[in-house]
Amino acid sequence: MIAVNAEVLQLLLLLSAALFSLGVYGVLTRKNIIGLLIGLELMANAVNINLVAFARHQGGTAGQVFTLFTIALTVAEVAVGLALVILLHRSRRSTETDAAAQLHG
Amino acid sequence: MIAMIALSLIALCVVSAGLFAVRSTNLVHSVLWLAVSLAGTSALYLMVGASFLSAIQIILYTGGVITLMLFGVMLTDRNETTKIGNPSERKRLGAVSALAVFALIASAVSSMSFTGGGSTIVHTKAIGQALLTEHLLAFEALSILLLAAMLAAIVVARRRDP
Amino acid sequence: MSHQTLALFVLLSPLVAAVVLFIVAPLRVRGPVSAGITIASTAISLGASVMLAMARMFGQSAPNVDIQAAWLPGGGKVLSTVGVYVDPVAAPMMVVVALVALCVQVYSLGYLGHEPSRDRGRYFAYHALFAFSMLGLVMAPNLLQLFLCWELVGLASYLLIGYYWTKPSAGQAALKAFWVTKFADMGLMLGLMVLFVKTGGFDWTVPPGQVLMTADAEVIAGLLFLAVVGKSAQFPMHIWLPDAMEGPTPVSALLHAATMVAAGVYLIVRAYPIFSLAPTVLTFMVYLGAFTALFAAIVAVFQDDIKKVLAFSTCSQLGYMVAALGTGSMVSGYFHLTTHAFFKALLFLTAGSLIHAVHSNSLHDMGGLWKKMKPTGVLLIIGSLALAGFPMTSGFFSKDLILEELLHAGHIVPLIAAIAAAGLTAFYMTRVVMLSLFGAPSEAAEHAHESPAVMLAPMALLGALALVGGLLHGDFAKMAGAEAAFHITPVGIIATATGLTGIAAGLWRFSPGKRAAVGSQWVSAPMRFVTWLTGNAPVDRAFALFYRRVMLTAAAGVAWFDRYIIDALINLSGWAVLKGAERFRRLQTGRPADYIYAVIAGLIALTAMGVM
Amino acid sequence: MSAFDALNGVEILAVDGIVAVGALGLLLADVAMPAGNKRILGYCTLLLLALGFTATFTLDLTGTALGGAYVGDGFAIWCKRIFLAAGFFGVLGGMDETARIGPRRQGEYYQLLMMSLLGMTLLAGARDLILLMVSFELMSLPLYAMAAWGGIGTYPKRKGPLPSMELPAKTKWHRPAEAGLKLYLVGAVSSVVALYGISLLFGIGGSTRFDVLARTMNAGPVMSLAVAMIVGGFAFKIGAAPFHMWVPDTYQGASTPFVAFLSVAPKAAGFAALVQLLLGPLAGHTDTWMPLVLALIIVSLLVGNLMAVPQQNVKRMLGFSGVAQMGFGLMALLAAGTVAHTSGQKSEGLATLLFFLAAYMVANMGVFFVIEAVAASGRTEDETADEKDSDDTLAVFRGLHARSPGLALAGLLFVLSLGGIPFAIGFWAKVWVLLGLWTAGYGWLVVLAAALSAAGLFYYLQIARSMYMTPEGDLPKVTARMELGLAILLLALLTMAVGLFPGPVMEAARVAVGLG
């Protein structure tokens with residue numbers, strides 16, 4: 001175990017920033033919706049790392065509880081997202097975002 | 001010092017797994033790389049003393065999300081979905097945006113000055129207690145949220161009414 | 001009946017009619033029933049208004065009627081009230097509105113007699129709504145109620161102009177009129193806001209104990225004037241008025257001659273305590289009004305559509321009113337508003353009668369109607385003379401007063417413009433009369449026949465008022481507490497002479513002698529005079545040269561400018577919005593990936609804004 | 001704190017309790033009852049929502065619970081009323097459509113709606129970051145599914161991937177699925193962004209409680225970053241540009257009665273969340289967030305008003321116009337923030353925001369219901385919601401005044417209210433927003449907003465013009481079904497009554513935020 005001092009905190013925050021940016025990249029460049037959801041998961045993971053880092057730095061319970069909640073939120077969100085993917089696949093036989101581009105203008 | 005190096009290595013592992021997850025051309029690989037990244041994060045939690053969260057991370061993310069995603073891949077047309085890529089016309093713009101986001105966050109975060117750093121261990125019991133006292137309402141709301149998510153997923157993924 | 005009750009009757013009877021007609025569909029879909037309800041309600045309004053006005057104008061100075069109900073409570077105090085307020089300023093306008101509305105409604109019975117019953121029912125329901133909102137505007141105890149009714153008037157006019165909804169151009173014109181005026185109304189709304197912020201209320205006058213700084217007054221008056229420019233069709237927002245002629249002609253008589261467009265002028269009259277604190281705005285009003293008067297008069301000369309002539313003429317006359325109010329003379333502007341309401345409504349109704357006869361708006365299709373439609377013709381000539389300011393008609397008195405005020409205030413350039421416009425007015429009205437009544441008989445005119453009595457009666461009433469309405473000028477002056485008895489002054493003589501010259505020029509230019517001889521005995525007497533005047537060749541040639549080379553060219557340029565530049569600019573802005581939007585539409589690609597891009601880009605922008 | 005302490009003051013959660021218990025009860029009842037007449041569940045939902053709405057008036061819901069994580073104040077209660085009323089009308093007006101799309105499964109729609117409403121009511125009182133985010137998600141998740149409601153596709157006949165995305169005209173295409181997916185994708189990204197911002201806020205404040213955060217947070221680049229992310233994330237929910245891209249597509253694609261609900265209740269909730277955060281712990285940092293809100297306002301006003309002009313589909317048009325309307329809502333927030341900044345007091349701005357949200361709810365739901373009534377009359381029994389593209393183009397309103405005078409009149413009223421013409425409720429909302437903004441010192445913004453809303457009239461009037469100034473041709477007569485008709489009637493009466501006498505309602509809003 002390692003105590004989260006200012007240095008470690010800084011490292012973790014930068015890690016989280018990097019993961020978040022990777023998630024942004026994934027979300028922006030993936031055509032496949034499941035691929036896109038992977039990017040989303042990376043972004044959510046970055047949030048969790050942030051929270052854990054702060055929680056361990058400050059020492060209270062709130063941050064860890066918060067992380068618990070965000071993990072659950074993300075899982076729930078992904079579950080609904082995958083259901084929508086299946087729905088899309090059923091009506092268009094495709095899981096690419098561009099399959100849902102009939103409404104525009 | 002050694003701990004710091006280990007931490008950095010895990011961090012590197014998490015980031016590179018993340019990179020592969022968003023760059024891989026095979027969707028199944030991509031999902032698995034995500035699993036690696038999430039598992040690495042779990043190890044990270046363990047290192048900084050959040051053992052309960054580490055376990056939760058493994059169970060919920062690696063056990064839940066990854067399985068869900070693999071189900072998603074399998075349930076949809078495999079021939080079409082497993083071969084994916086980052087279309088070239090979006091790659092550059094995506095990379096620029098991601099870099100911009102990183103630069104903005106990193107510059108803000110590195111300007112932050114923190115002092116000290118608690119090393120007190122928070123036991124799982126304390127977390128449970130907080131969950132059922134201060135955060136009771138959020139906890140109850142979360143239980144309904146999970147129910148809602150389940151219901152929503154069923155409603156969406158089910159076929160039409162006969 | 002007490003005055004309070006009378007005042008309530010004025011406002012409530014059209015309201016009841018409108019509500020009943022809008023809600024009870026079976027009444028609305030039956031044209032005669034709907035018409036009966038509306039006309040009866042307007043007649044009640046008119047009766048009550050006349051009784052109220054009599055008490056004020058000829059009797060002893062009756063106390064003001066002031067019934068107000070707290071309406072917008074806020075923060076423990078009453079923000080504003082609604083109610084009816086009749087004072088010497090409101091009383092004449094009430095009569096004008098109710099009278100013209102009644103005339104127009106009765107006239108419509110004949111004019112729209114051939115329309116389907118259901119459409120007529122709708123038409124009269126709109127009329128009831130219009131009468132209510134216009135009277136509510138006139139009788140408003142404060143600026144807020146005036147604003148609300150102002151908007152309602154706009155809505156009612158939108159519905160009325162768009163009455164012929166099977167014509168696509170009517171729908172477009174209605175939309176354009178509503179849009180342009182609504183854009184100008186923004187000024188009224190902002191003006192109200194500033195007024196409220198500065199004085200804490202919406203009163204006509206600055207509450208006692210409050211001081212309104214000149215700079216604030218300038219801002220408020222300027223914003224209010226923006227609304228006036230839109231509603232009263234002053235340059236360059238006059239462009240909606242000619243388009244609005246797509247509506248039925250009686251509607252034009254009501255809205256675009258007598259009442260709605262005059263609402264702007266009435267707003268200035270009402271809010272005069274505020275305007276009088278804003279000298280810059282007042283001066284601007286003089287110049288803009290005079291310019292509009294001249295500009296619109298020039299454009300009117302070149303219209304072949306009789307309604308368009310009258311529409312531009314209305315712009316021009318409203319310009320007179322605005323200029324007059326700018327000089328600080330409330331009486332002359334307001335008086336002109338009243339007389340103009342009579343003769344312009346008359347002109348529109350006669351025009352409608354002619355259009356009804358030949359089923360065309362073009363002056364050239366109307367030639368030679370004098371033989372077929374003598375009563376209408378006489379009324380048209382009466383209206384034209386009044387508009388031209390022929391001595392002893394109503395227009396003569398009111399126009400003269402305005403010119404005098406311009407001279408008194410020392411605005412020489414506007415005065416010259418106004419006199420020139422008076423000459424042009426006489427000229428183009430003579431043109432209308434000559435072309436439509438005495439021109440070469442057209443094919444359509446062969447089958448023309450006189451309008452029914454139900455149309456002629458209201459016209460005759462307005463004609464009588466157009467002739468003798470000028471005699472009321474003393475009472476108007478008394479009303480404002482001023483002594484503006486009519487004098488014969490050099491300016492008056494010059495203006496009258498200009499007007500007569502305009503008539504003469506019109507007679508000369510469009511005399512039947514220049515075409516196939518179809519003049520009757522009545523017209524040939526003055527014609528002989530004109531022929532005698534211009535009989536010798538050099539004068540004739542010089543006059544012709546001047547007319548053709550100078551006047552015609554310049555005026556054609558002005559008309560071209562109006563049509564292709566001003567109108568086009570306004571249309572262009574709408575077009576640009578549409579095109580721009582079409583371009584922007586492509587951003588909404590429909591591809592979810594691009595939407596996520598938008599989110600991230602927005603995020604980066606916001607973050608960059610925040611962090612930097 | 002013991003578990004019993006945590007329950008102190010829990011009675012202020014009465015309304016939320018009614019909704020939560022209602023949702024679970026509906027779930028159980030749905031399972032227990034035979035598939036025959038599930039419509040009864042809809043009536044039960046109405047009853048529950050009416051009960052909750054009444055409870056906001058009869059019970060005293062002010063106070064704090066759970067040690068300050070949840071607060072009942074006038075603002076929260078007023079917001080709850082808006083949510084419950086929107087839910088009530090949404091259920092009432094959508095009853096037929098819900099039953100038509102899935103006769104045997106309509107119960108699930110009501111359960112999801114109740115769960116979403118629970119998220120909203122909790123959100124209104126949340127004074128804790130965790131509770132805020134959980135209730136925010138609880139509100140959002142069911143909406144994704146409800147947007148896709150009815151878009152349950154069948155497999156196309158052909159095998160293999162589609163050669164191109166251009167589907168043949170005859171093929172069914174599933175607008176609700178697309179609507180739900182777009183809402184979800186943009187929503188999920190936005191909410192994870194907001195979460196990131198919130199995690200940073202937690203980092204610099206050291207607590208999840210608003211009252212603590214208000215004391216401990218210091219301004220700095222991290223706070224700016226966090227605030228930007230939070231504002232951006234919540235701007236998605238209210239549909240402010242440039243986070244609005246889902247709005248027109250989802251409005252067009254999803255079933256109309258649901259859109260009526262979606263276009264008002266979650267937006268009000270998004271505003272509640274923004275107010276909670278920006279005028280709560282961030283009230284002392286207006287310098288940080290006001291420029292962002294200002295930017296959102298300007299972009300929203302421009303994009304919304306401009307893009308609505310060329311639209312031919314009424315629902316799309318209303319989507320864009322909604323973006324512009326949200327600009328107005330944000331203006332009220334801006335005014336409130338300015339006053340809070342300069343004088344540290346509650347301001348008219350908040351009361352105006354409440355009034356604006358209520359007014360927007362009434363008029364906007366009304367318009368959508370009128371659209372639904374017209375579209376429903378042209379549908380046959382076995383069609384799904386997504387089969388006709390022409391269901392809600394401007395052309396279907398042709399000559400509505402002749403086909404159904406009452407419906408046309410109601411439609412006109414709603415449109416005029418949205419356009420801000422006097423004697424309709426929306427006019428007062430606009431006037432008060434602009435007045436508040438003027439007093440807050442944003443004269444130039446008032447002028448811009450007034451000019452753009454005058455331009456906005458253009459497209460609102462297109463609807464009026466289509467209803468009143470075009471011949472009806474051979475289009476059929478329209479009669480709204482009973483529930484839908486009742487919803488329209490009630491909303492029209494509200495629009496007119498409050499439009500004529502806005503004083504008492506505004507006064508109530510002022511009292512709710514602690515003024516007067």
Side-chain angles (χ1 to χ4, degrees), chain A residues 9 13 16-17 20 23-24 27-28 33 36-37 39-44 46-55 57-60 62-63 65-70 72-74 76-81 83-85 87-94 96-105, chain D residues 128-130 133-134 136-138 140-142 144-145 148 151-156 158-162 165 167 172-182 184-185 187-189 191-193 195-196 198-200 202-204 206-209 248-250 252-253 307 310-313 316 389:
Chain A
L9 179 63
L13 291 183
S16 138
F20 190 79
V24 167
V27 160
L28 288 182
I33 299 177
L36 201 149
L37 288 178
L40 205 63
E41 278 308 298
L42 286 177
M43 289 166 85
V47 173
N48 293 340
I49 292 178
N50 256 354
L51 285 172
V52 171
F54 285 128
H57 181 73
Q58 291 155 1
V65 172
F66 203 161
T67 320
L68 210 58
F69 278 100
T70 49
L73 291 184
T74 331
E77 206 156 64
V78 169
V80 176
L84 282 165
V85 172
L87 175 65
L88 183 76
H89 185 260
R90 193 168 285 162
S91 76
R92 302 282 165 76
R93 292 191 63 91
S94 167
E96 299 210 339
T97 52
D98 285 357
Q102 294 280 341
L103 304 168
H104 61 86
Chain D
D128 181 285
L129 291 178
I130 299 180
M133 280 324 284
V134 171
F136 192 77
E137 285 293 312
L138 177 55
S140 307
L141 280 183
Y144 303 145
I152 318 303
T154 45
Y155 284 105
R158 285 177 297 128
K159 283 273 180 192
L162 291 172
M165 288 312 140
L167 295 173
K172 293 177 180 178
W173 59 288
H174 300 278
R175 299 198 296 177
E178 183 172 340
L181 191 77
K182 280 179 170 165
Y184 171 78
L185 286 177
V189 173
S191 76
V192 91
V193 165
L195 260 178
Y196 198 89
I198 290 216
S199 76
L200 289 176
F202 166 74
I204 52 176
S207 171
T208 57
R209 284 288 151 83
D249 292 7
T250 303
Q252 188 186 351
M307 298 277 279
Q311 301 300 335
Q312 285 304 306
N313 184 299
R316 278 191 92 73
D389 194 20

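Chain letters run A, B, ... following the sequence lines, proteins first and then strands; every chain starts at 1.
- Taking every heavy atom of both residues into account, D:Gly180 and A:Leu84 meet most closely at O-CD1, 4.0 Å.
- Residue A:Leu9 does not touch chain D at all, counting heavy-atom pairs closer than 4.5 Å.
- The parts of D:Leu129 that come within reach of chain A are both its backbone and its side chain, each placing non-hydrogen atoms under 4.5 angstrom from that chain.
- Both the backbone and the side chain of A:Leu51 come within less than 4.5 Å of a heavy atom in chain D.
- Between the side chains of A:Thr67 and A:Asn48, no donor-acceptor pair is found at a separation under 3.5 Å.
- Every residue two or more places apart in sequence or in another chain that forms a side chain to side chain donor-acceptor pair (under 3.5 Å) with D:Ser191 is listed here: A:Glu77, D:Glu137.
- One finds the CD atom of D:Glu178 at 6.5 Å from the CG atom of D:Asp249 (value rounded to the nearest 0.5 Å).
- In this structure, D:Tyr184 and D:Tyr144 have perpendicular ring planes: the angle between them is above 60°, well past the 30° mark.
- Of the atoms belonging to A:Ser16, heavy atoms from both backbone and side chain fall under 4.5 Å from chain D.
- Your options are D:Gly187, D:Gly203, D:Pro310, and the one with the most heavy-atom pairs under 4.5 Å with chain A is D:Gly203.
- When heavy atoms are compared at a cutoff of 4.5 Å, A:Phe66 approaches chain D by way of both its backbone and its side chain.
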